[in-house]
Amino acid sequence: MSLCAATLVASEFMPVSLLTPIATDLHLTEGQAGQAIAVSGLFAVLTSLFIAPATPRLDRRALLLGLTVLMLVSGLAVAFAPNAAVFLGGRALVGMVIGGFWSLSAATVMRLVPAEDVPRGLAILNGGNAMATTVAAPLGSFLGQYIGWRGAFFCVVPVAAVTFAWLSLTLPAMPNRTRADAFATFKVLRRPRVPLGMLAAALFFLGQFALFTYLRPFLETVTRVDTSTLSALLLVLGISGLVGTSVIGRILQTRLYGALVAMPLAMALLAVALIGLGSSLPAAAVLLAFWGLIGTAAPVGWWTWVSKALPDDAEAGGGLMVAVVQLAITGGAALGGLLFDHAGYRATFTFSALVLVVCAVTALLSARADPAAGNH
């Protein structure tokens with residue numbers, strides 16, 4: 001499942017490093033090409049909300065294997081897309097896999113390992129996520145210059161095939177034992193603090209991906225880097241993200257709300273700094289390293305918040321969080337693309353900074369509504 005997560009996350013974010021050649025080949029603007037992430041996010045939202053009630057009698061092993069096949073089909077559709085419509089259709093398929101896999105992932109791990117090993121199992125699963133976040137963008141950029149963006153996307157296909165074979169051999173039968181309720185995911189919004197917390201999470205990912213989606217055209221036109229340097233910068237961003245993920249847990253144990261307020265504020269400052277200093281390669285490298293350090297660690301904070309806010313209903317809360325995050329990624333990519341095309345990178349990055357500041361304020365309000373937050 002960790003391999004499946006790595007392959008899936010790599011597929012999800014590979015367009016970030018290949019935006020320019022995709023746009024050129026399919027006769028799109030860079031903003032329109034960025035909608036590839038928006039499309040996958042939209043379908044992930046719909047799938048995460050309704051996959052459980054839509055498949056009440058389907059064995060979870062069969063469902064996960066079906067999603068893996070869908071990931072393989074998506075890779076083929078994107079790699080051989082003759083036009084933008086087929087390309088976006090392939091991205092819609094990977095969005096369905098994203099929504100379904102992450103909605104089922106925690107519950108699956110809980111059924112695969114003993115209760116005392118669940119945290120370790122979840123850590124292994126999310127290790128695939130962190131690794132893919134580290135290598136997907138730089139590897140996609142590197143491969144793109146030698147085998148083209150289509151070849152880079154096709155690399156997902158054999159990995160998806162290996163993942164399917166591995167899951168077929170290792171996953172046991174997992175009959176669904178939960179009662180289907182089409183509205184269970186939404187019922188958690190009745191809980192105190194949950195609406196404010198979910199809104200803050202949405203604002204964070206909206207602000208993050210309004211900027212992150214358009215890093216490549218920014219670095220090419222403002223920082224003026226070549227493809228090799230671009231790959232190196234994206235690798236720096238990914239490695240710093242691994243570092244951030246490894247240290248954030250200790251901070252969250254005692255300063256959960258402090259971190260949820262401080263991280264978006266720091267990223268807003270980085271967005272503004274990129275506007276002023278982005279033309280300098282050393283400055284851009286340092287700023288992107290800090291962006292990766294915080295941006296990759298922040299989702300751990302929001303999943304920790306779900307476990308604290310909904311300890312007795314974490315599965316429904318997790319499904320809602322998947323939908324919120326994907327909807328925010330969709331909105332960030334879409335709005336960032338419109339601004340990038342019509343007003344330039346300064347407008348996109350300023351929008352990102354403003355949204356992240358509002359996120360910090362909303363997280364602070366959520367903390368004040370939580371009696372367990374104390375003075376943190």
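Computed from heavy atoms alone, side chains included, the values below leave out hydrogens, waters and symmetry copies. Given the structure is predicted, the values throughout are model-derived calculations rather than measurements.
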(request) Answer yes or no: is there a side-chain heavy-atom contact under 4.5 Å between Leu327 and Val324? (result) no

(request) May I ask you to decide if Leu277's main-chain N or O and Ser280's side chain share a donor-acceptor pair within less than 3.5 Å? (result) no

(request) Kindly work out whether a path of hydrophobic side-chain contacts (I/L/V/M/F/W/Y, heavy atoms less than 4.5 Å apart) joins Val39 to Ile22. (result) yes

(message) Strictly distance-based, threshold 3.5 Å: is any side-chain N or O of Thr213 a donor or acceptor partner for the main-chain N or O of Phe209?
(response) yes

(message) Counting C-beta onward and ignoring hydrogens, is there a side-chain heavy-atom pair between Leu356 and Leu203 closer than 4.5 Å?
(response) no

(request) Report yes if the distance between the aromatic ring centroids of Trp149 and Phe87 is under 6.0 Å, otherwise no. (result) yes

(request) Please list, chain by chain and in numerical order, all residues satisfying side chain to side chain contact (heavy atoms under 4.5 Å, CB included) with Ala165, sequence neighbours excluded. (result) none

Side-chain donor-acceptor pairs of residues 234-242 under 3.5 Å, sequence neighbours excluded:
| unit_1 | atom_1 | unit_2 | atom_2 | d |
| --- | --- | --- | --- | --- |
| Ser240 | OG | Val236 | O | 3.1 |
| Ser240 | OG | Leu237 | O | 2.8 |
| Ser240 | OG | Ala289 | O | 2.8 |
| Ser240 | OG | Leu293 | N | 3.4 |

(message) Is there a side-chain contact between Val159 and Leu3 in this structure, where contact means two heavy atoms from C-beta onward sitting under 4.5 Å apart?
(response) yes

(request) Measure from the side-chain N and O atoms of Arg61 to the backbone N and O of Ser168, and report whether any donor-acceptor pair falls under 3.5 Å. (result) yes

(request) Kindly say whether Ala173 contributes a backbone atom to a donor-acceptor pair with the side chain of Asp59 at under 3.5 angstrom? (result) no

(message) Counting C-beta onward and ignoring hydrogens, is there a side-chain heavy-atom pair between Pro264 and Val358 closer than 4.5 Å?
(response) no

(message) So does Phe43 get a backbone contact from the side chain of Thr47, meaning a donor-acceptor N/O pair under 3.5 Å?
(response) yes

(message) Under 4.5 Å between side-chain heavy atoms, counting indirect links through other Ile/Leu/Val/Met/Phe/Trp/Tyr residues: same cluster for Leu199 and Leu320 or not?
(response) no

(message) Ser74 vs Leu70, test: side-chain contact (heavy atoms from CB on, under 4.5 Å). Steps then yes/no.
(response) CA-CA 6 Å; Ser74 166; Leu70 203 60; over 6 Å; no

(request) Apply the test side-chain contact (heavy atoms from CB on, under 4.5 Å) to residues Trp305 and Met321: give CA-CA distance (whole Å), side-chain angles for both, the deciding distance (0.1 Å), then the verdict. (result) CA-CA 10 Å; Trp305 172 82; Met321 179 63 81; 4.0 Å; yes

(message) Quick one, Leu233 with Leu281, criterion side-chain contact (heavy atoms from CB on, under 4.5 Å). Give me CA distance, side-chain angles, the key distance, then yes/no.
(response) CA-CA 9 Å; Leu233 287 173; Leu281 178 57; 3.9 Å; yes

(message) Show the nearest heavy-atom pair for residues Val272 and Ala353, with the distance to one decimal.
(response) CG2-CB, 3.9 Å

(request) Kindly give the heavy-atom pair with the smallest separation between Gln208 and Trp291, and that separation in Å. (result) O-CZ2, 3.6 Å

(message) I want to check something: taking the side chain as every heavy atom from C-beta on, are Leu288 and Leu215 in contact at a cut-off of under 4.5 Å?
(response) yes

(request) Might you point out which heavy atoms bring Ala284 and Gly278 nearest each other, and give the distance in Å? (result) CB-O, 4.0 Å

(request) Can you tell me which residue pairs pass the ring-ring contact (aromatic ring centres under 6.0 Å, His included) test with a partner in residues 155-176, sequence neighbours excluded? (result) none

(request) Taking ring pair (Phe, Tyr, Trp, His ring centres under 6.0 Å) as the test, write out the residues that go with Phe340, two or more places apart. (result) Tyr214

(message) With side-chain contact (heavy atoms from CB on, under 4.5 Å) as the criterion, how do Met267 and Phe204 come out once you've worked through the C-alpha distance, each side chain's angles and the decisive distance to 0.1 Å?
(response) CA-CA 10 Å; Met267 292 180 72; Phe204 177 83; 3.5 Å; yes

(request) Can you run down the salt bridge (charged side-chain N to carboxylate O under 4.0 Å, His left out) pairs that involve residues 220-245, sequence neighbours left out, and say none if there aren't any? (result) Arg216-Glu220

(request) With the side chain counted from C-beta on, respond yes when Ile294 and Leu270 share a heavy-atom pair under 4.5 Å apart, and no when they do not. (result) yes

(message) On a heavy-atom basis, which atom in Ala152 and which in Leu18 lie closest, and how many Å separate them?
(response) CB-CD1, 3.9 Å

(request) Hey, could you give me the CZ/CG distance between Phe154 and Leu76, rounded to the nearest 0.5 Å? (result) 6.0 Å

(request) Could you tell me whether the side chain of Met1 reaches within less than 4.5 Å of the side chain of Leu112, counting heavy atoms only? (result) yes

(message) Show every side chain to side chain donor-acceptor pair (under 3.5 Å) that has at least one partner inside residues 328-349, sequence neighbours left out.
(response) Thr29-Asp341

(request) Please tell me if the side chains of Ile98 and Val322 come closer than 4.5 Å, counting only heavy atoms from C-beta onward. (result) no

